[in-house]
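Nothing here was measured: the structure is a model prediction, and the numbers come from that model.
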Amino acid sequence: KHPHCKAILSKQQQQCRSITTQQASSPPPIQHHQQRRLTISRAAHLLNSLQLTPQQLCQHAHNLATFGEHSLHLNAYVKLLPLNDVLQQAQLSHDRITNGQRKSWLDGIPVTVKANVAVGRWWMMPSSSSAILMEERDNNDNGTATIGGDFNHNSDTEEAAEEVYESDIAKKLLKDCGAVLIGITNMD
């Protein structure tokens, strides 16, 4: 090998080692625009340190979703849960966090679920054939049918409410991990 090539190769190897050592010892500095960005990880740390409450975070997420739906007409949601329902879920998360019984790092984090995932009592069938599938017969003598029954409740009894199907991923996300559902997102 030519001595000049050895010198260049040696210099490149030193630079590579230097970069590798720097990466292993300290993370790259956070850029200014990244400091204002609220990620799930940062939100979870703020919730854990009680610098932010689940109610504040979920109300902010709900406000953004409402603004997008009503002001920008994004049509991103099939169903946006009422703010009271969202805040009730957030309060339960807040109680767990303050009592040191946090279910997971997702406890108190607002989430949305796509319409094709069954989320228990909030699930709405996403397809156009849902009206046919959800057909309910009137108890009238004339035998007429009403199309598109109540998607949210099968019955007024508590037993029937518990029988509503919930997918495994929804159960893990919402019940096991404690995430707060703010809405069901559209399929298109």
Side-chain angles (χ1 to χ4, degrees), residues 36-48 50-98 101-136 146-158 160-188:
R36 290 181 281 152
R37 186 176 211 177
L38 185 62
T39 62
I40 291 174
S41 177
R42 182 167 290 150
H45 286 290
L46 290 171
L47 290 173
N48 204 42
L50 304 177
Q51 294 176 356
L52 179 68
T53 66
Q55 295 93 327
Q56 292 169 326
L57 181 61
C58 292
Q59 179 151 10
H60 179 68
H62 191 274
N63 289 345
L64 290 174
T66 302
F67 175 75
E69 289 300 293
H70 298 293
S71 298
L72 302 176
H73 307 288
L74 296 178
N75 195 29
Y77 291 89
V78 172
K79 179 175 185 72
L80 188 58
L81 271 61
L83 183 58
N84 288 339
D85 288 355
V86 173
L87 292 178
Q88 285 175 356
Q89 294 175 73
Q91 181 62 48
L92 295 173
S93 290
H94 180 70
D95 294 343
R96 287 189 298 268
I97 292 168
T98 55
Q101 298 173 339
R102 191 170 193 180
K103 289 183 174 185
S104 73
W105 281 102
L106 289 175
D107 203 349
I109 301 292
V111 298
T112 60
V113 177
K114 198 167 184 176
N116 64 337
V117 177
V119 284
R121 65 185 177 112
W122 293 296
W123 185 51
M124 300 173 92
M125 296 179 79
S127 69
S128 61
S129 62
S130 62
I132 296 167
L133 295 174
M134 293 299 293
E135 183 176 308
E136 293 180 2
T146 54
I147 304 297
D150 184 357
F151 290 102
N152 296 330
H153 304 286
N154 286 338
S155 173
D156 291 333
T157 65
E158 287 183 28
E162 290 183 19
E163 292 176 12
V164 176
Y165 179 72
E166 183 171 42
S167 66
D168 290 339
I169 190 65
K171 181 184 177 298
K172 287 177 185 175
L173 185 64
L174 303 174
K175 291 183 181 173
D176 298 346
C177 293
V180 176
L181 182 69
I182 63 167
I184 312 296
T185 55
N186 212 335
M187 293 284 290
D188 37 312

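With a 4.5 Å cut-off on side-chain heavy atoms, Lys171 and Asp176 count as touching. With contacts defined as side-chain heavy-atom distances shorter than 4.5 Å, the pair Leu57/Pro110 qualifies. The closest side-chain heavy-atom distance from Trp105 to Ile40 is not below 4.5 Å. The side-chain heavy atoms of Leu38 and Leu46, taken from C-beta on, include a pair separated by under 4.5 Å.
Panel note: side chain His62, backbone Leu81; a donor-acceptor pair is recorded below 3.5 Å. Under the 3.5 Å distance criterion, the side-chain polar atoms of Gln55 are left unmatched by any main-chain donor or acceptor of His94. A donor-acceptor contact shorter than 3.5 Å is absent between the side chain of Ser71 and the backbone of Gly68. A donor-acceptor contact shorter than 3.5 Å links the side chain of Arg102 to the backbone of Asp107. Under a 3.5 Å cut-off, the side chain of Thr112 and the backbone N or O of Gly183 do not form any donor-acceptor pair.
The shortest heavy-atom contact between Ala76 and Glu69 is N-OE2, 2.7 Å. The two residues Ala115 and Val78 make their nearest non-hydrogen contact at CB-CG2, 4.0 Å. Closest heavy-atom contact between Pro54 and Ala90: CB-O, 3.5 Å. Residues Cys177 and Ser104 come closest through the heavy atom pair O-OG, 2.8 Å. Smallest separation of non-hydrogen atoms from Leu47 and Thr53: CD2-C, 3.4 Å.
Separation of atoms NZ (Lys114) and CG (Asn186) is listed at 9.5 Å; rounding is to 0.5 Å. With rounding to the nearest 0.5 angstrom, the CG atom of Leu181 is 10.0 Å from the NZ atom of Lys79. Interatomic distance, Ile97 CD1 to Leu92 CG, rounded to the nearest 0.5 Å: 11.0 Å. Here CD1 of Ile109 is found 11.5 Å from CD1 of Ile182. Values are rounded to the nearest 0.5 Å. To the nearest 0.5 Å, the span separating CD on Gln56 from CD on Gln51 amounts to 11.0 Å. To the nearest 0.5 Å, atom SG of residue Cys58 and atom CD of residue Gln91 are 11.0 Å apart.
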Problem set entry | Verdict with supporting geometry, Gln59 and Asn63, side-chain contact (heavy atoms from CB on, under 4.5 Å) | CA-CA 6 Å; Gln59 179 151 10; Asn63 289 345; 3.8 Å; yes
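Atom CD1 of Ile169 sits in a sparse spot, with 12 or fewer heavy atoms from other residues, nucleotides or ligands closer than 6.0 Å. Within 6.0 Å of the CG atom in Leu64, the count of heavy atoms belonging to other residues, nucleotides or ligands exceeds 12.
With no hydrogens or angles considered, no side-chain donor-acceptor pair links Asp85 and Gln89 at under 3.5 Å.
When the options Val117, Val119, Val111, Asp168 are evaluated for a side-chain contact (heavy atoms from CB on, under 4.5 Å) with Leu173, the one that passes is Val111.
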